[in-house]
Structures are given as C-alpha cells and as structure tokens.
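Numbering of residues begins at 1 and proceeds along the displayed sequence. Note that the structure is a prediction, hence the values are computed from the model and not measured.
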Amino acid sequence: MKKNVPAWRSTLLLMLCAPAAQAGRPMAADDAAILDPRQCQLETWAQHNKTQNEYWTAPACNFGGGWELGAGAGRARSLAGGGRDTLSLLQAKTLLRAPQEDGWGLGLVLAGQWRTGANSNRDLSLNLPLSVELAGDRAMLHANVGWLRLRGQPEPASPRLQRSWALGLELAAGERAAFTAEAYGRQRTGSYMQLGARYSLIPGRADIDIAYGDRAGRRGAERYLAVGLTLVASLAD
C-alpha cells in the first residue's frame with residue numbers, strides 16, 4: 001500500500017474543529033501508512049474561507065524505526081478584525097498492522113495541538129486510521145475513529161473528551177492524478193464534506209493538491225478552499 005501524501009492534516013482539521021483549520025490535502029481522512037525508513041517530507045499549504053486565512057508548514061521524518069515523527073507551524077489571520085493566531089503541532093504515527101496481501105492496514109496517530117492568540121487553546125488527540133484497498137491499489141477506502149482531549153477553553157456545555165471520525169474514498173486517475181471524496185466530523189461540532197484532487201509533478205517526490213469543502217446541510221455557511229505542495233526526499237540523498 002503506497003503512502004497517501006499528505007497524510008496527517010486530518011488531525012489538524014479535527015483538533016482545530018473547523019474547516020478553516022486545515023485538513024488533509026487532498027484528504028481529511030488519514031491513512032494507515034507511514035514514510036519509508038530514512039525518508040522525510042515537507043508539506044506547505046494555504047487555506048481560505050470567508051472569515052480567515054491560514055498558512056502552514058509541516059515537516060515529518062521516519063529516522064529508521066517504526067515511527068513517523070512530525071511537527072507543524074502555522075498562522076491564522078482573521079479577515080474581519082485582523083487578529084492573528086499562532087498554531088503549532090507535534091505528532092507521532094506508527095502502524096499497528098502493516099498492509100498485507102489482503103490489502104488492509106491499521107495505524108495509530110498521537111498528536112498535540114497548541115493555538116495562541118485571540119483564540120488560545122491546547123488539545124491532545126488519538127486517531128486510528130484504517131485503510132483498505134479496493135480494485136487493487138486504484139481505489140482506497142480510509143476510515144478513521146479518534147478521540148480529542150480539550151485542554152483549553154471548551155465550547156459551552158461541550159465534554160472535554162470528544163469523539164472524531166472521518167471516511168474517505170481515494171480514486172487514481174492515471175499514473176499521476178487522484179481524486180477524493182469524503183465526510184468527517186467531531187462530536188458536537190457537526191459534519192463536513194470535502195472534495196479534493198492531487199497531481200504528482202515528480203512521482204514520489206513532489207505533489208500539488210487542492211481541496212474544497214463545506215459543512216454538511218448548511219451549503220455555503222463554512223465553505224473553504226485549500227491549496228498545498230508536498231515534497232519528499234530520502235535522508236541519504
């Protein structure tokens with residue numbers, strides 16, 4: 001099973017709890033795959049909705065063991081009052097079951113998120129991504145279930161421990177392109193729908209991607225557009 005690049009922005013999306021808070025480009029659902037040993041990737045992306053712009057840089061590496069370690073730094077700027085927030089992420093990801101010939105794998109993602117500024121909070125999350133091959137590797141189904149521990153200022157009457165979920169379908173279109181369709185959400189915050197596309201400028205090395213999403217049942221209320229670039233390299237290069 002090939003690693004879906006990028007693969008971890010779903011954690012950000014569910015932790016920050018709004019589509020304006022980045023997500024997996026092109027997928028919000030994480031996959032059960034990690035970088036190869038001694039391989040690194042750099043993800044950068046920008047996201048826009050009617051209330052704010054966000055910009056992220058997120059490197060990750062597998063230094064030779066069974067874990068992919070990543071960090072992220074971002075800025076969020078309000079389009080109304082001009083307020084700015086600083087965003088940070090630390091993440092560790094491993095495989096509980098590596099993909100086998102039967103075409104499925106299971107992963108484990110642990111992450112911490114910090115947001116400082118006008119909307120300060122800090123959260124911890126655990127996510128279990130399941131990936132299943134359909135029609136060989138031309139189609140992939142990704143299902144996530146997770147839990148989010150709120151440690152900042154939770155929404156009124158919201159539990160500090162909340163469930164998160166995501167379900168996504170990834171379809172290959174030729175050797176370099178892929179299209180995605182998915183739904184995701186978090187307890188007490190509603191559900192979202194997202195469509196995405198990815199194109200490999202250099203297969204296995206450089207991808208560009210785009211994603212469009214909105215809140216389910218509330219057309220146009222929280223729609224967003226994101227564009228990203230992912231670069232992958234070996235530490236031996």
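When atom types are taken as modelled, the side chain of Arg122 and the backbone of Leu150 share no donor-acceptor pair closer than 3.5 angstrom. When atom types are taken as modelled, the side chain of Asn49 and the backbone of Gln52 share a donor-acceptor pair closer than 3.5 angstrom.
Looking at heavy atoms from C-beta onward, Thr230 lies in side-chain contact with Asp209 at the 4.5 angstrom threshold. Residues Val109 and Gln91 have side chains in contact (heavy-atom distance under 4.5 Å, counting atoms from C-beta outward). Glu222 is listed as a side-chain neighbour of Tyr192, based on a closest heavy-atom distance under 4.5 Å. Leu235 places a side-chain heavy atom less than 4.5 Å from the side chain of Cys40. You'll find the side chain of Leu87 reaches within 4.5 Å of the side chain of Trp56, heavy atoms only.
Residues in residues 99-111 take part in these salt bridge (Lys or Arg N to Asp or Glu O under 4.0 Å) pairs, two or more places apart or across chains: Arg97-Asp102.
Here the closest non-hydrogen pair linking Tyr184 and Ala28 is CD2-CB, 3.6 Å. Nearest heavy atoms, Ala197 versus Thr180: N-OG1, 4.5 Å.
By the side-chain contact (heavy atoms from CB on, under 4.5 Å) test, Leu108 pairs with Thr94, Leu96, Leu110, Leu126, Leu128, sequence neighbours left out. Scanning for side-chain contact (heavy atoms from CB on, under 4.5 Å) contacts around Tyr199 gives Arg176, Ala177, Leu201, Ile208, with sequence neighbours left out. The side-chain contact (heavy atoms from CB on, under 4.5 Å) check on Ala143 picks up Leu167, with sequence neighbours excluded.
Counting heavy-atom neighbours within 6.0 Å of Arg163 CZ, excluding the residue itself, gives a total of 12 or less.
Taken to the nearest 0.5 Å, the CE atom of Met27 stands 9.5 Å off from the CE atom of Met140.
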